[in-house]
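Inspection log for the structure reproduced underneath, given as structure tokens.
Below, all heavy atoms of this structure are taken into account, side chains as well, without hydrogens, waters or symmetry copies. In listed order, ligands and their atoms are each counted from 1. All values reported here derive from a predicted model rather than from experimental measurement.
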Amino acid sequence: MANLTEIPAALAASGWQLSTDKQSIHKVFKFADFRDAMSFMVRVSYEAEAADHHPEWLNVYNRVETTLTTHDTGGLTQKDIDLAEAMDKISER
Ligand SMILES: C[C@H](O)[C@H](O)[C@H]1CNC2=NC(N)=NC(=O)C2=N1
């Protein structure tokens with residue numbers, strides 16, 4: 001799978017940012033409270049496991065700081081884009 005060097009406009013519009021080295025994308029999700037943040041992470045965990053593609057994330061209270069990159073290729077791939085789109089959908093439910 002080839003490494004990508006840009007992200008779809010829809011993801012940029014929803015707050016995803018491409019790292020300067022173009023190897024990962026980042027987004028901070030903010031929720032009403034800790035319970036909603038944890039609920040989001042649990043729901044994403046099922047998507048991630050099904051895709052065998054996992055986020056790097058940090059949860060502090062109602063925030064989930066997320067980095068997506070593909071370790072197997074050392075860069076950004078379609079798997080990262082797909083997971084980012086899934087995370088956006090889950091966060092809006
Ligand atoms: C063996 C296993 O399929 C691989 O390690 C998967 C697991 N989850 C993964 N997650 C991410 N973000 N990148 C990977 O390259 C990756 N590889």
side-chain hydrogen bond (donor to acceptor under 3.5 Å, both in side chains), that's the test. Do Thr77 and Thr70 meet it? Break it down for me.
CA-CA 6 Å; Thr77 66; Thr70 300; 2.6 Å; yes
Check this for me, if you would: do Asp72 and Lys79 make a salt bridge, where the nitrogen-to-carboxylate-oxygen distance has to be below 4.0 angstrom?
no
Once the angle between the rings of Tyr61 and Phe34 is folded into 0 to 90°, is it parallel (under 30°), tilted (30 to 60°) or perpendicular (over 60°)?
parallel
Distance from [atom] to nearest protein heavy atom, with residue and atom:
atom	value
atom 8 (N) of ligand 1	His54 ND1, 2.8 Å
atom 14 (C) of ligand 1	His71 N, 3.5 Å
atom 1 (C) of ligand 1	Asp52 OD2, 4.6 Å
atom 5 (O) of ligand 1	Asp72 OD1, 4.2 Å

Short N or O distance, Thr69 and ligand 1, threshold 3.5 Å exclusive:
yes
Consider every N or O of Thr70 and every N or O of ligand 1, then say whether any pair is closer than 3.5 Å.
no
Kindly determine whether Phe29 and Arg63 satisfy side chain to side chain contact (heavy atoms under 4.5 Å, CB included), including the steps that lead there.
CA-CA 6 Å; Phe29 291 89; Arg63 286 197 342 269; over 6 Å; no
Could you go through the side-chain hydrogen bond (donor to acceptor under 3.5 Å, both in side chains) check for His54 and Glu47 one step at a time?
CA-CA 9 Å; His54 305 83; Glu47 295 284 327; over 6 Å; no
